Amino acid sequence: MALSREAIVEQLQKIAGPEQVITDEQVLKENSHDRYRKLQSVFGIYALPLPAAVVKLTDVEQVSAVLKFLNENKINCVPRTGGSATEGGLETIVENSVVLDGSGMNRIIKIDADNMLATAQCGVNLEVLENQLRAQGFTTGHSPQSKPLAQMGGLVATRSIGQFSTLYGAIEDMVVGLEAVFPNGQITRIKNVPRRACGPDIRHVIIGNEGALCYITEVTVKMFTYQPENNLFFGYALDNMKTGFAILREIMVTGFRPSIARLYDAEDGAQHGFDQFAEGKCLLIFMTEGPKGISRATGEGIEEIVARYDECRKVNTQIIENWFNHLNWDPSKVQAERDFMRKNLNLGFTTEVSGNWSCINTIYENTIKRIREEFPHAEDLTMLGGHSSHSYQTGTNMYFVYDYNVVNCAMEEELEKYHVPLNAMIVEETLKAGGSMVHHHGIGKYRTPWTKEEHGSAYYILKALKDVFDPNGIMNTGTIYPLK
Amino acid sequence: MKIVVCFKTLADYPMLTERDWRVDEQHQVDLAWVRQVYNCYDESALELALQLAHDGPDAAACETTALSIDDSRADLFLRHLYAVQYDRAVRIDCGEEVDLRFNPLAVSLLLASYIREIGGQQLVLIGSEGGMGDNRQTGFLVAERLGWPCIREVIDVVPEESRECLCVTSRREGAVLTQTVGLPLVLVIGNVLRSPYLRVPTLKEKLAGKKKQVLVLSPTDLAIAPDNLSGNDRTLVGLFRQRQDRQCVMLAGENAREKAKTLYHQYLAERLKG
């Protein structure tokens with residue numbers, strides 16, 4: 001028989017200590033969602049089942065004991081750290097779920113300058129780690145927009161990516177070793193070695209699991225030499241996205257690795273004020289870094305390639321540097337966004353996908369066209385555009401951005417009326433063209449209808465992981481894996 | 001009712017770093033590469049005017065005009081104002097010869113001349129201050145030149161049942177004052193809490209706004225000779241950035257929990273009681 005809410009709390013208090021088990025209603029409300037339901041939260045609407053408790057985790061043994069208890073009693077849990085997720089992955093959709101909050105496990109365990117390894121507990125804020133490293137002349141190379149909010153456990157769990165990914169890679173390229181706890185209480189440590197050929201790379205069972213397989217308690221990431229004095233910025237206005245994708249491709253396949261390589265369409269660029277310097281134009285942005293010679297040579301390579309495209313016009317590099325210096329979220333920006341939403345009933349969402357060079361422009365064009373023609377509430381859209389921000393040897397991502405006025409609908413219906421169908425159109429067009437439906441936010445709970453289509457025959461492997469590691473289905477139900 | 005909102009755009013100053021503030025020999029800071037934004041008080045005024053015009057009982061008879069004194073960079077904003085349903089967008093271009101900085105006499109002359117000679121509005125909304133080096137005089141000088149009453153620190157304005165009157169709420173030395181006033185009138189807009197942000201146009205509205213023409217006027221069009229603008233009752237002798245240093249206390253403690261306790265007990269608990 002399922003334990004009652006009271007019994008769950010009582011048992012958790014015995015395991016973790018009364019002080020670590022929070023049942024305050026407001027705390028439960030805040031822990032029942034993430035940024036996916038941002039408009040509802042602004043108006044104090046919490047439509048999801050409130051968790052039975054939030055457990056403030058303190059150490060790996062305690063995580064193990066808590067998970068073992070939840071697993072034995074088939075109680076759903078939602079792992080959480082910084083809370084900056086955007087895809088509903090932190091939502092408590094099952095009655096009497098328990099939120100496992102690792103934000104208190106916030107110790108930087110070791111900065112190993114010899115082996116260039118930084119080890120941190122799951123609750124270490126990335127900006128805190130980054131600042132500590134920079135003070136010593138190092139960097140993680142990881143700089144997602146959520147850097148001031150996000151914490152190491154969540155970043156790894158969602159396969160996060162940062163603004164300098166073209167040079168440093170995404171989180172999966174940075175993680176060296178891990179510690180994680182599985183639902184049966186098993187504590188696992190993957191050791192820190194530069195590379196090995198000892199069977200499949202088991203780090204990838206953990207990286208990107210979105211709390212659906214295990215709880216990440218500790219992360220070791222690579223360190224790089226920090227040399228911002230060599231950063232160079234470049235910006236070019238151009239007429240269309242197709243040319244921009246071609247330039248990005250040429251730069252990548254020629255072998256240049258700028259840390260930032262972005263392509264904005266005119267609509268998205270206007271959101272950053274680029275229209276004031278190049279009205280109606282797309283914009284290519286690059287930053288090069290690293291040792292002086294490499295940074296300069298990369299910049300020269302980019303300039304040489306772009307010069308071959310007549311439609312490109314160079315823009316003042318100070319504009320680009322200024323944009324770059326103010327890109328990240330921070331608590332004040334999040335609060336400003338909330339104030340704006342409340343006053344104007346206008347909000348924005350993003351859906352990020354990826355595709356090979358051969359299909360990315362098709363994905364971009366078809367998606368924009370379909371939304372304009374088929375979205376039934378297009379008259380409420382206040383912005384529709386996007387940008388590419390992470391490029392690879394074989395392709396790039398497309399980050400669709402759309403804002404809308406909420407018109408004639410209850411707050412509880414806003415997502416269904418606007419974001420859900422827009423998100424669906426983007427995902428469908430991407431899959432149809434052969435791309436991937438999620439580039440770096442994670443599947444969360446709202447792109448699960450397409451998980452099987454995304455993976456095709458390889459879904460066999462994905463499903464087996466769930467069957468083996470979480471046979472009772474207590475780990476973040478409804479995330480990655482569609483609800484049965 | 002014909003309403004004009006006088007607004008200006010500013011460099012987005014918070015985006016500037018210390019090293020960006022380089023003053024040249026002409027006391028100019030190169031801000032050409034910095035994104036412009038609406039002056040926040042003017043943005044509130046622009047939204048208030050729309051609400052007044054479109055949500056009032058006399059909506060059909062209202063006409064709204066957005067007016068700015070600027071170069072062509074302001075046209076992007078003026079077309080944006082067309083998109084949010086301003087009826088007219090007007091820019092007064094004085095050219096590069098006239099330095100309007102720290103010159104509220106000239107600015108108010110241009111604004112009042114437009115209103116009297118061309119616009120014919122009965123209600124003027126203008127932000128209470130406008131960024132760096134602002135003098136907070138422009139609104140009052142416009143009122144004086146027009147010979148109209150002026151209310152400062154306005155935080156709300158709604159139409160009265162009588163078409164000739166408005167209900168204006170303003171702050172006055174810590175108190176909130178609500179009064180019914182007749183037209184014509186100049187309102188100097190302060191911290192508007194109800195609607196501080198300008199509404200957001202839809203894609204369709206943006207497209208329509210882009211197609212509309214901004215009316216560009218010169219001082220000559222307003223019967224103002226250039227000499228009348230160059231006179232200023234003050235001379236700019238230097239320009240420096242005002243430093244705003246703040247005291248900082250680093251909280252001591254072994255960990256975040258201890259620091260949070262210190263923060264609460266030493267700095268927050270007493271305030272929260274209040």
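Quantities reported herein were computed from a predicted structural model and do not represent experimental measurements. All chains are named by letter (A, B, ...) in the order of the sequence lines, taking the proteins before the strands, and each is independently numbered beginning at 1.
- Under a cut-off of 6.0 angstrom, the local environment of NZ in K314(A) is crowded, with over 12 non-hydrogen atoms contributed by other residues, nucleotides or ligands.
- Interface residue F340(A): backbone and side-chain heavy atoms are both found under 4.5 Å from chain B.
- Between T382(A) and V200(B), the closest heavy-atom pair is CB-CG1, 3.5 Å.
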Exercise for review: Could you go through the side chain to side chain contact (heavy atoms under 4.5 Å, CB included) check for E47(B) and K343(A) one step at a time?
Suggested key: CA-CA 12 Å; E47(B) 176 58 26; K343(A) 302 279 187 190; over 6 Å; no
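- Rounded to the nearest 0.5 Å, atoms CG (D20(B)) and CD (Q318(A)) are 6.5 Å apart.
- For chain B, the nearby part of N316(A) is the side chain; its heavy atoms alone come within less than 4.5 Å.
- Counting non-hydrogen atoms of neighbouring residues, nucleotides and ligands closer than 6.0 angstrom, the CZ atom of R88(B) reaches no more than 12 such neighbours.
- Remark: side-chain polar atoms of Q36(B) are not paired, donor with acceptor, to backbone N or O of Q276(A) under 3.5 angstrom.
- Dense packing is recorded around CD of Q26(A), with more than 12 heavy atoms of other residues, nucleotides or ligands lying under 6.0 Å away.
- A salt bridge between K206(B) and E267(A) is absent, with no side-chain N of the basic residue lying under 4.0 Å from a carboxylate O of the acidic one.
- Nearest approach of Q20(A) to R257(B), heavy atoms of both residues: OE1-NH2, 3.8 Å.
- Each of N325(A), N106(A), D339(A), V315(A) has some count of heavy-atom pairs under 4.5 Å with chain B, and the biggest count is that of D339(A).
- E321(A) and R19(B) are joined by a salt bridge, as a carboxylate oxygen and a charged side-chain nitrogen come within less than 4.0 angstrom of each other.
- In this structure, the separation between CG on N405(A) and CD on E205(B) is 8.0 Å, given to the nearest 0.5 Å.
- The closest donor-acceptor contact from the side chain of N344(A) to the backbone of L198(B) lies under 3.5 Å.
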Point to revise | L203(B)/L384(A) under side chain to side chain contact (heavy atoms under 4.5 Å, CB included): CA gap, chis, key distance, verdict | key: CA-CA 8 Å; L203(B) 292 175; L384(A) 172 64; 3.9 Å; yes
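- Applying the side-chain hydrogen bond (donor to acceptor under 3.5 Å, both in side chains) criterion to S128(B), with sequence neighbours excluded, gives no partner residue.
- For K261(B), the NZ atom is loosely surrounded, since the number of other residues' heavy atoms within 6.0 Å does not exceed 12.
- At most 12 non-hydrogen atoms from other residues, nucleotides or ligands lie less than 6.0 angstrom from CG of N408(A).
- Surrounding CZ of F43(A) are more than 12 heavy atoms belonging to other residues, nucleotides or ligands, all under 6.0 Å away.
- With a threshold of 4.5 angstrom between heavy atoms, E379(A) approaches chain B through N, CA, C or O but not through any side-chain atom.
- A 6.0 Å sphere centred on CZ of R73(B) holds more than 12 heavy atoms belonging to other residues, nucleotides or ligands.
- The backbone N or O of L381(A) sits nowhere less than 3.5 Å from a side-chain atom of K204(B) that would complete a donor-acceptor pair.
- Crowding of Q335(A) atom CD: a count of heavy atoms from other residues, nucleotides or ligands under 6.0 Å exceeding 12.
- The part of A32(B) that comes within reach of chain A is its backbone (N, CA, C, O), which places non-hydrogen atoms under 4.5 angstrom from that chain.
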